[in-house]
2 protein chains.
Amino acid sequence: MTEDTPLRSRQSPTADELRTWRGFIETAQALNARLSARLHEESALSPGDYAVLLALSEADGRRLRSSELADAVGWERSRLSHHIRRMEGRDLIRRDDCAVDYRGAEVVLTDHGAQAFRSASVPHLRAVRELFVDALTPDQLEQVEHLTAALRTRLDRPAR
Amino acid sequence: MTEDTPLRSRQSPTADELRTWRGFIETAQALNARLSARLHEESALSPGDYAVLLALSEADGRRLRSSELADAVGWERSRLSHHIRRMEGRDLIRRDDCAVDYRGAEVVLTDHGAQAFRSASVPHLRAVRELFVDALTPDQLEQVEHLTAALRTRLDRPAR
DNA sequence: GGCGCATGATTGACACGTCAATCAAATGTG
DNA sequence: CACATTTGATTGACGTGTCAATCATGCGCC
C-alpha cells in the first residue's frame with residue numbers, strides 16, 4: 001500500500017505510536033496474567049497444562065502422537081517434552097510407546113486429567129467472557145478481527 | 001429485553017468470540033516473540049534486559065534504588081533481584097550500597113550497559129515500527145487505543 | 001535505650017522456555 | 001545388504017518467573 005515511504009518506514013515510531021504499542025502489548029500481557037491467575041486458583045492448572053489437556057480432550061481416543069500434540073498446541077518439541085514430563089508426574093497424562101513407529105510416543109489423557117480439564121474449562125471460558133468479550137462492544141470485537149488479521153499478515157512474512 | 005440477557009453474560013463465549021479471543025492473544029504473543037528474537041539477534045539482550053536498561057538510561061545519574069527500578073519496569077522485587085544478579089554478571093549494571101538507607105541498594109548502569117542499550121534501541125524501535133505501526137492504518141492505530149482502554153477498564157477492577 | 005514491627009532486598013525451590021546435543025528407530029541409496 | 005541421513009523424541013544446561021522464607025536495617029513507641 002505504501003510504495004512511496006521507503007525512508008519513513010525505517011524510522012523510529014513517534015511518541016504517540018510508541019504509547020499505542022506499549023498499551024497494546026501490556027494490555028495483552030495483563031489479560032494473560034489475569035486469566036492465568038484465575039485458572040490456577042480455580043483448578044491448579046497452568047496455561048500450558050490447559051492447552052495440552054484441551055488438545056488431548058478433542059483428540060480421537062484422547063491420545064495423540066507427541067509431534068501431533070506439539071503441532072496442536074504450537075510448541076517446539078523439546079518444550080512439549082519437558083512439559084509432558086511434569087504433567088505425567090501429576091497424573092494428568094501418560095506416555096505410551098507407539099505401536100506403529102517405535103521411535104514415537106503417544107500422549108494419553110488420564111481420567112484424572114480429563115476430570116481436571118472439565119472442571120477447569122467452564123470457569124476459564126467464563127473468565128474469557130468477563131475479561132475480554134464482555135469488555136468490548138460487538139463492533140469492537142469485529143475491529144479486533146481486522147486488526148489481528150492485519151498484524152498477522154505482516155508477521156507471516158519471512159522472519160525479517 | 002429478554003430474560004436471557006442477564007444470564008448470557010455468565011455463559012461461555014460463542015465459537016466466534018473464542019476465535020476472536022484466540023486470534024488476539026496469539027497475535028500479541030507472536031508479535032512479542034518476533035520482537036524478542038530480533039532484539040536478541042541484534043544485540044544479545046532479552047526483553048527484560050532492555051526494560052531494565054531503558055529505565056536506568058532515563059534515570060537521574062543512570063542509577064535507581066532497587067524498589068524504584070522495580071516500579072519503573074513493573075516487576076516484583078524478587079524477579080528484579082534475580083534479573084539484576086544475572087545482568088551484573090554480564091557487566092550491564094552494577095549494584096552499589098545505598099548511602100542514605102543501608103537496607104537499600106542502588107542499581108547503576110555501567111558504561112558497557114549504556115552502550116549496549118544505545119545500540120539495541122534503534123533497531124528495536126525500527127522493528128516495532130515495521131511489525132506493528134506500519135502494519136496498521138492510522139485509523140486502526142486509533143482503534144487500538146480505544147480497545148486497550150476498554151480492556152484495561154475491566155482489568156483494573158478488583159481481581160475478580 | 002530497648003523491643004517489636006515494618007520495610008528493602010535477597011535467596012532457595014521449583015515451574016517454565018529455548019537451544020544445542022544426543023539417541024534410537026526408520027529410510028533411502030549405492 | 002550396508003551405511004549415511006532423516007526423523008521422532010528426550011535430555012542437559014541455562015535463562016527466566018513466582019512464591020514463600022529469610023535477613024538486616026529502619027523506625028515507632030514505651
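Below, chain A is the first sequence line, B the second, and so on; all start at residue 1.
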Separation of [X] atom [atom1] from [N] atom [atom2], in whole Å?
{"X": "Glu76(B)", "N": "dA9(C)", "atom1": "CD", "atom2": "P", "answer": "15 Å"}
{"X": "Arg77(B)", "N": "dG8(C)", "atom1": "CZ", "atom2": "C1'", "answer": "5 Å"}
{"X": "Asn32(B)", "N": "dC16(C)", "atom1": "CG", "atom2": "P", "answer": "19 Å"}
{"X": "Gln29(B)", "N": "dT18(C)", "atom1": "CD", "atom2": "C1'", "answer": "16 Å"}
{"X": "Arg85(A)", "N": "dT18(C)", "atom1": "CZ", "atom2": "P", "answer": "15 Å"}
{"X": "Asp97(B)", "N": "dG26(D)", "atom1": "CG", "atom2": "C1'", "answer": "16 Å"}
{"X": "His40(A)", "N": "dC19(D)", "atom1": "NE2", "atom2": "P", "answer": "8 Å"}
{"X": "Trp75(B)", "N": "dT10(C)", "atom1": "CH2", "atom2": "P", "answer": "14 Å"}

Could you check whether the rings of His124(B) and Tyr50(B) sit parallel, tilted or perpendicular, using 30° and 60° as the cut-offs? tilted
Reading DNA chain C from 5' onward, which residue's closest nucleotide shows up sooner: Asp49(A) or Ala105(B)? Ala105(B)
Quick check: on DNA chain C, is the nucleotide nearest Arg86(A) upstream (toward 5') of the one nearest Gly104(B), or the reverse? Name the residue that is more 5'. Gly104(B)
Using a 4.0 Å heavy-atom cut-off, does [X] contact any base of the nucleic acid, only the sugar-phosphate backbone, or nothing at all?
{"X": "Arg90(B)", "value": "nothing"}
{"X": "Ser81(A)", "value": "base"}
{"X": "Arg65(A)", "value": "sugar-phosphate"}
{"X": "Ser46(A)", "value": "sugar-phosphate"}

Would you indicate which nucleotide in [options] comes nearest to any side-chain atom of [X]?
{"X": "Ser66(B)", "options": "dA24(D), dT10(C), dT11(D)", "value": "dT10(C)"}
{"X": "Asp101(A)", "options": "dA26(C), dG26(D), dT11(D)", "value": "dA26(C)"}
{"X": "Arg79(A)", "options": "dG17(C), dA24(C), dT16(D)", "value": "dG17(C)"}
{"X": "His82(B)", "options": "dA20(C), dA13(D), dT11(C)", "value": "dT11(C)"}

Between Asp134(B) and Arg154(A), is a salt bridge (charged side-chain N to carboxylate O under 4.0 Å, His left out) present by the stated rule, with each step listed? CA-CA 9 Å; Asp134(B) 284 352; Arg154(A) 184 67 53 113; 5.0 Å; no
Any side-chain donor-acceptor pair under 3.5 Å between Thr110(A) and Arg94(A)? no
Hydrophobic cluster membership, with links at side-chain heavy-atom distances under 4.5 Å among I/L/V/M/F/W/Y: are Leu18(B) and Val133(A) in one? yes
OP1, OP2 of dA9(C) versus side-chain N and O of Ser67(B): anything below 4.0 Å?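 So the side-chain polar atoms of Ser67(B) do come within 4.0 Å of the phosphate oxygens OP1 or OP2 of dA9(C), strictly under.
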Check: Leu53(A) main-chain N/O paired with Ser57(A) side-chain donor or acceptor under 3.5 Å: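 Answer holds: yes.
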